[in-house]
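As the structure is a prediction and not an experimental result, all values here were calculated from the model.
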Amino acid sequence: MASLNVGNLGNLGEYLREQRRNAQLSLRQLADAAGVSNPYLSQIERGLRKPSAEVLQQVAKALRISAETLYVRAGILDAERDRDDVETRAVILADPSLNERQKQVLLQIYESFRKENGFGTDVEEAAPAQDAAAGDAAGGADSIPGPGARTAGGGEP
């Protein structure tokens, strides 16, 4: 049935299977965690179904991996144009020394710098509620002290 694979779907399915096994999850466990049916997830892994961006985001969250990486593998995002952005996001999301709130705040700051420099992304729609929550948690990017900022005492060194 490999002939039924469409474009990147086989690659996506293989990657998902590898990530699921690395996470030591059964197909059923991942399906439950992602809120999708076991047969549907099996079809995605075998390259027979093309999941929506929403399903990919749920699966990525359950696997604790970057949704953007799955979007690229599924052909939703252009790999060449978005590679650096996706890799940066993936590294941030995979960093075990950061908690989830810190990761979201860091991603929001990263995105604001990209916009400031004229690089918008297609990924913004993927998690607007998370971006807003991260902004609230960080107090907004304007509250982050820049070089030479003083947190107490003021004055020059």
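Heavy-atom minimum distance, D95 versus S97: OD1-OG, 2.5 Å. Residues Q57 and Y71 approach most closely at CB-OH, 3.6 Å, considering heavy atoms. Heavy-atom minimum distance, L98 versus Q102: CA-OE1, 3.4 Å.
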### Task
Using the salt bridge (charged side-chain N to carboxylate O under 4.0 Å, His left out) rule, take E14 and R17 through it: C-alpha gap first, then chi angles, then the decisive distance, then the call.
CA-CA 5 Å; E14 291 168 16; R17 182 177 292 117; over 6 Å; no
### Query
How far apart are the C-alpha atoms of L56 and L12, what are their side-chain angles, what is the distance that settles it, and do they pass the side-chain contact (heavy atoms from CB on, under 4.5 Å) test?
CA-CA 10 Å; L56 289 175; L12 170 66; 4.0 Å; yes
### Message
Working note: E111 + K115, criterion side-chain contact (heavy atoms from CB on, under 4.5 Å); need CA distance, chi angles, decisive distance, verdict.
### Response
CA-CA 6 Å; E111 184 60 35; K115 284 181 185 176; 3.6 Å; yes
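For the atom pair N38 CG and Q29 CD, the distance stands at 10.5 Å (nearest 0.5 Å). To the nearest 0.5 angstrom, L41 atom CG is 4.5 Å from L27 atom CG.
Between L93 and Q104 there is a side-chain heavy-atom pair separated by less than 4.5 Å. Between Q19 and R64 there is no side-chain heavy-atom pair separated by less than 4.5 Å.
In this view, A33 and A62 satisfy the side-chain contact (heavy atoms from CB on, under 4.5 Å) rule, not counting sequence neighbours. Under the rule for a side chain to side chain donor-acceptor pair (under 3.5 Å), the partners of S66 that lie at least two apart in sequence or sit in another chain are E68, T69. Residues passing the side chain to side chain donor-acceptor pair (under 3.5 Å) test with Y110 are D85, sequence neighbours excluded. For E18, the side-chain contact (heavy atoms from CB on, under 4.5 Å) criterion is met by N22, not counting sequence neighbours. For A94, there are no side-chain contact (heavy atoms from CB on, under 4.5 Å) partners, not counting sequence neighbours. Taking S37 as the reference, nothing meets the side chain to side chain donor-acceptor pair (under 3.5 Å) condition, with sequence neighbours excluded. Under the side chain to side chain donor-acceptor pair (under 3.5 Å) criterion, Q43 pairs with R49, sequence neighbours left out. With sequence neighbours left out, S52 forms a side-chain contact (heavy atoms from CB on, under 4.5 Å) with E54, V55.
Side-chain atoms of K103 do not come within 3.5 Å of backbone N or O of I92 as any donor-acceptor pair.
Listed by first and then second residue, the salt bridge (Lys or Arg N to Asp or Glu O under 4.0 Å) pairs involving residues 19-32 are R20-E45 (not counting sequence neighbours).
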